[in-house]
Amino acid sequence: MHSTFSRPIALILLILLPLLGGCVAAVTAGAIATGSSVHDRRGFGTVVDDKRIQLGAYDEINRDKELVLKNRVMIAVYNGVMLLMGEVRTPDLKQRAEQTVNGFEGVRRIVNEIDVMEPEGFWTRRNDNKITARVKLALTDITSVPGFDATKVKVSTAHRTVYLMGLLSTEEVEIVTEIARNVPGVERVVKVFEYTEPSTSH
């Protein structure tokens, strides 16, 4: 069924997704996930587990009203690696966020990149969503690596810092990182990749 989901339409939805809200965004996200999962280097079960972990972690964060109402904690999960991003007002809250989501079955490690700073407002967050869309679109132009697909890279943005996740080769990581750094509006790139080659010093 995913073969009927044309690439041009997928790219348009990829750009518009961060700007949409409510059920429309949820349905669109599901369509893109279904259409692109065939290219994912994770097994199908891992993809499902990652989504389960992410939703469960958000549920735990949402139970802590101080973290929800006075700060911003964002969560991305890829191949059992949980990435925490966003802004909280104190170092104690940064540790509290990590402790809140610690202990989920299937999580191999937690990368806590939450910044201790005053949470930024709506327009900054909207701009972050636009940056994410720009980076994703820019990655579709990669043609120098045979078989590369932009959907292999998970992109998130918090206060103009772009976080990149995925299971990539060293060559792919270098190209993806360089492209992301040159997208307008990006101030910093943080790599949370895993490598397809045997473990070396990356």
Validation: residues 55-62 side-chain donor-acceptor distances under 3.5 Å, sequence neighbours left out:
unit_1, atom_1, unit_2, atom_2, d
Tyr58, OH, Ile75, N, 2.9
Asp59, OD2, Arg63, NE, 3.4
Asp59, OD2, Arg63, NH2, 3.0
Asn62, ND2, Tyr58, O, 3.1

Please report the C-alpha distance between Val81 and Arg108 in whole Å, then the side-chain angles of each, then the deciding distance to 0.1 Å, and finally whether the side chain to side chain contact (heavy atoms under 4.5 Å, CB included) criterion is met. CA-CA 6 Å; Val81 176; Arg108 296 185 292 109; 3.6 Å; yes
Please find the pair of heavy atoms, one from Ala138 and one from Val183, that lie closest to each other, and give the distance. CB-CG2, 3.9 Å
Using 0.5 Å steps for rounding, measure from the CG atom of Leu93 to the CD atom of Glu87. 12.5 Å
Ignoring hydrogens and geometry beyond distance, is a side-chain donor-acceptor pair present between Thr90 and Asp92 at under 3.5 Å? no
Nearest heavy-atom pair of Ala158 and Met85: which atoms, and what distance? CB-CB, 4.3 Å
Rounded at 0.5 Å granularity, tell me how far CZ in Arg134 sits from CG in Asn129. 11.0 Å
For Glu178, which residues count as a salt bridge (Lys or Arg N to Asp or Glu O under 4.0 Å) partner, sequence neighbours excluded? none
Correct closest heavy-atom pair for Asp40 and Tyr78 would be OD1-OH, 3.4 Å
Assess whether a salt bridge exists between Arg72 and Asp128, defined as any Lys/Arg side-chain N lying under 4.0 Å from an Asp/Glu carboxylate O. yes
Same cluster (ILVMFWY, side-chain, under 4.5 Å), Val47 and Leu83: no
Is the backbone of Thr124 close enough, under 3.5 Å, to the side chain of Arg160 for a donor and an acceptor to pair up by distance? no
Inspect the contact between Glu172 and Lys152 and indicate whether a charged nitrogen and a carboxylate oxygen are less than 4.0 angstrom apart. no
On a heavy-atom basis, which atom in Leu164 and which in Val162 lie closest, and how many Å separate them? CD2-CG1, 3.7 Å
Cluster check Tyr163, Val155: I/L/V/M/F/W/Y, side chain < 4.5 angstrom: no
Distance check, rounded to the nearest 0.5 Å: Leu167 atom CG versus Phe193 atom CZ? 10.5 Å
Kindly write out the residues that satisfy side chain to side chain contact (heavy atoms under 4.5 Å, CB included) with Lys94, not counting sequence neighbours, or none if the list is empty. Val88, Asn112, Ile114, Val116
Considering only NZ, NE, NH1 and NH2 on the basic side and carboxylate oxygens on the acidic side, decide whether Arg41 and Glu194 come within less than 4.0 Å. no
Are Phe104 and Ile110 close enough, and set up right, to give a side chain to side chain contact (heavy atoms under 4.5 Å, CB included), and what steps lead you there? CA-CA 10 Å; Phe104 276 91; Ile110 297 177; over 6 Å; no
What distance separates Leu84 CG from Asp115 CG, expressed to the nearest 0.5 Å? 12.0 Å
Exercise: identify the closest heavy-atom pair between Arg125 and Pro119: NH2-CB, 4.4 Å
Say whether Val186 and Ile179 are linked into one hydrophobic cluster, either directly or through other cluster members, by side-chain heavy-atom distances under 4.5 angstrom. yes
Distance, nearest 0.5 Å, that separates CG of Asp50 from CE of Met165: 8.0 Å
May I ask whether Val189 and Val192 are part of the same hydrophobic cluster, defined by side-chain heavy atoms of I, L, V, M, F, W, Y residues being less than 4.5 angstrom apart, directly or through others? no
Tell me if a side-chain donor or acceptor on Thr140 pairs with a main-chain N or O of Leu137 at a distance below 3.5 Å. yes
Does Glu105, at its CD atom, have more than 12 non-hydrogen atoms belonging to other residues, nucleotides or ligands within less than 6.0 Å? no
Does Thr157 form a side chain to side chain contact (heavy atoms under 4.5 Å, CB included) with Val135? I'd like the steps, not just the answer. CA-CA 10 Å; Thr157 308; Val135 172; 5.6 Å; no
Of all heavy-atom pairs between Ala97 and Leu67, which one has the smallest distance, and what is that distance? CA-CD1, 4.0 Å
CE/Met74 to OG/Ser156 distance, rounded to the nearest 0.5 angstrom? 5.5 Å
Within the distance-only criterion (no hydrogens, no angle test), does the side chain of Asn71 pair as donor or acceptor with the backbone N or O of Glu66 below 3.5 angstrom? yes
Say whether Val111 and Leu168 are linked into one hydrophobic cluster, either directly or through other cluster members, by side-chain heavy-atom distances under 4.5 angstrom. no
